[in-house]
Q: 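Before anything else, here's the structure in question.
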Amino acid sequence: MFKILLVCALAAVVAANANVEVKELVNDVQPDGFVSKLVLDDGSASSASGDIHGNIDGVFEWISPEGVHVRVSYKADENGYQPQSDLLPTPPPIPEAILRAIAYIQANPSKN
């Protein structure tokens, strides 16, 4: 099912950008997995490969309206969807007081 959705999504990207030319398009579906790749002349690209177990590794990238190159790599497996990118938000650092409190609690466990 995911393979069909991926191909449809790639086709939608091409259709939405009527003035964009496809530089490379690969859709190779085999009984034991798939490889998909789309490269457009505007700098957008997507590639993914998957195995028979449903594990998928992929990358998608584009140039933002501000001119920033956006790249997201991901893995989708039994642990869920795991994207990675320098542009994804990250949590704020843990305050020093909280770190000290955690260290104290670990060093002095409850006697109950």
Q: Counting only heavy atoms not in Asn108 (residues, nucleotides, ligands), do more than 12 fall under 6.0 Å from its CG?
A: yes

Q: Flag yes if more than 12 heavy atoms outside Tyr81 fall under 6.0 Å of its OH atom; otherwise flag no.
A: yes

Q: Where do Asp42 and Ile63 come nearest, in terms of heavy atoms and distance?
A: O-CG1, 3.9 Å

Q: Quick one: closest heavy-atom pair of Tyr74 and Val59, and the distance?
A: CE2-N, 3.7 Å

Q: Using a 3.5 Å distance criterion without hydrogens, assess whether the side chain of Asn55 forms a donor-acceptor pair with backbone atoms of Asp51.
A: no

Q: Below 4.0 angstrom, N of the basic side chain to O of the carboxylate: do Asp41 and Lys23 qualify?
A: no

Q: State whether the side chain of Ser46 and the backbone N or O of Leu38 hold a donor-acceptor pair below 3.5 Å, judged by distance alone.
A: no

Q: Can you tell me if Ile94 has over 12 outside heavy atoms packed within less than 6.0 Å of its CD1?
A: no

Q: Say you draw a straight line from OG of Ser73 to CD of Glu61; how long is it, rounded to the nearest 0.5 Å?
A: 10.0 Å

Q: State the CG-CG distance between Leu25 and Leu40, to the nearest 0.5 angstrom.
A: 9.0 Å

Q: Can a donor-acceptor pair be found, under 3.5 Å and without considering hydrogens, that links the side chain of Gln82 to the backbone of Gly80?
A: yes

Q: Would Ser36 and Asn27 count as having a side-chain donor-acceptor pair, cut-off 3.5 Å?
A: yes

Q: Are Leu87 and Val72 co-members of a hydrophobic cluster defined by side-chain heavy atoms under 4.5 Å apart?
A: yes

Q: State, to 0.1 Å, how close Ile52 and Pro31 come at their nearest heavy-atom pair, and which atoms those are.
A: CD1-O, 3.8 Å

Q: Testing the basics here: between Ser44 and Trp62, what is the closest heavy-atom pair and its distance to 0.1 Å?
A: OG-CB, 3.7 Å

